[in-house]
Amino acid sequence: MSARRWLVLALALGCVPKQEQRPDEGAVAEQWAATPDVPSAAPAITETEGGKIVVSESQPAVGGPAPAQVQGGRLTDEDESRPASLVQPEEPPPPPPVKLVTEDPEVRAAFQRGVDASRSGNYPAAEQELKAVVEKDASLDYAWTNLGIVEERMGRVAEAERAYQKATTLKPDQDAAWEAQALLYARTGRAVRMEAQLRESISEHPENLAIRNALVTVLVSQTKYETAINEAKKVLKADEKNVHAMQQLAQAYAKQGKLELSRMVLENARAIDSGDATTQNLLGNVYLALKQRPQAMEAYQKAAQLRPDFVEALNNYGVLLNQAQDYEAATHQLEKAVAAAPDFVPAHLNLGNAYRGLQQFEKALEQYRKAERLRPQPDVYFNLAILHLDADGAPLDPIDRLRSAIAYFNQYKDKGGRDERVEQYLKDAQKGIEKEERRREREKKDQLRKAAEKEAAELKAATEAQKAAEARRAAEEKAAEQQKSTVEVEKAAPPPESGKLRDQSQEK
């Protein structure tokens, strides 16, 4: 890191640079390249309905308005869908391929198959391959970490925890395993317990920066931002190039609303390791909060390119593409997100929104249904309601479609949804039903009128045809009578004499 960059970072940390020897940049980059990239929980950066971008304390939150667009024939001033917030998920993302320290080609191949299966969302196959790896060589700590991530994805918390603990036992300074375990405890409501365990471990191993980084994670999850900032600074005082600590520090700053400070720290992290996808994704969040949408779009795109299975980055990139009405591109990114993490609800919701933008009703409905099965939260029903409200070209009876929209809006309200637009949408749906019923009544009357007119025309035509037929029959009968009379007259007349007999008579 240049002296100028370190001075800028030092100002953000509230410290001055130390002069002792630091690990060289190549060693740090190699360490991170060999580590499963398990992103920390990001700030819930969302947009309010008024268009103001804020840093929310709750997760998940709801995305905000988009540019005016035509949906189902109506011009709206805002995107009526409710995209998932630009946050990290509650579940860990699938691990990327990492370097496995083993000379056994079969073990290395099995590990790669496990990683590939995980990236494609085939967790049973990934579990089978990774278990085979650790059975073959139980000393491979990164294999245990990846196995833990897969187990957690499959909902097996206890098994995941044991795998993470096995990894940290084998390699006490493995940052990814400690981070994954800290996130697991935070997600399962045990952050306080994990904090106590980590502090005890730090007292025994104060030089272990991976444990300190994990402590920062659980502190952020408990909204203890100042304490988290102080702990992250301790890591950076010991290792000024610790990218993970910078990411944690930036998140804590973002949670406090110190967005410029967060951006500065993340840009320093990017200067150290430009290939870290997590840094790019977090930068995207901060840029968005700073209303720098083009920079946010670029950061999310870069994160997705660096990690093709980075669910959070793919989802976030897809959200911005949806809001830009580039539904084709959004679909491409979000389809990759749901393939990598089939249980990641926000990606299913946003993919449904992209399909809705493309007016592909059935595909949108399928994604919303999947989200509903995974987690029947209010926003699922809001999106289902909007889909049915505006899908004029859907292969559904219009009245049934609008009644479904009303039912979904009511489910949204029953689930605790509080969007102020719902009451107006309910009125719109009811008016739509009444309009359709009036249209059908008019159509029915028109059909009856046309049927009566047709019947009258047919009766008239039949009557005229009958009269014509009777006239033809009368004419035919008259002609037949005339012909008969002619024949009878001819029969009654005497036959004419022949000329020969007449001449003979005259001679006599």
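The first residue of the sequence shown is numbered 1, and numbering continues consecutively from there.
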List for me each residue that meets salt bridge (Lys or Arg N to Asp or Glu O under 4.0 Å) alongside E328, sequence neighbours excluded, and say none if there are none.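 E328: no salt bridge (Lys or Arg N to Asp or Glu O under 4.0 Å) contacts found.
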Going by the rule salt bridge (Lys or Arg N to Asp or Glu O under 4.0 Å), which residues pair with E372 if we only count those two or more places apart in sequence or in a different chain?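 Expected list: R369.
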Is it true that a side-chain atom of [X] and a backbone atom of [Y] form a donor plus acceptor pair closer than 3.5 Å?
X    : Y    : result
Y164 : A180 : no
N322 : N350 : yes
T188 : L184 : yes

Are [X] and [Y] within salt-bridge range, i.e. N to O under 4.0 Å?
X    : Y    : answer
R190 : E161 : yes
D343 : R153 : yes
E260 : R263 : yes
E151 : R162 : no

Mind checking what makes side-chain hydrogen bond (donor to acceptor under 3.5 Å, both in side chains) contact with E127, not counting sequence neighbours?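 E127: side-chain hydrogen bond (donor to acceptor under 3.5 Å, both in side chains) contacts with K131, R156.
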Please check if any side-chain donor atom of E312 sits under 3.5 Å from a side-chain acceptor atom of N316, or the reverse. no
Should the ring pair F382 and Y412 be called parallel, tilted or perpendicular, given that the plane angle runs from 0 to 90° and is split at 30 and 60? perpendicular
Are Y425 and F409 close enough that their ring centres sit under 6.0 Å apart? yes
When the aromatic ring centroids of Y368 and H348 are compared, is their separation below 6.0 Å?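 No, they do not, as the ring centres are separated by 6.0 Å or more.
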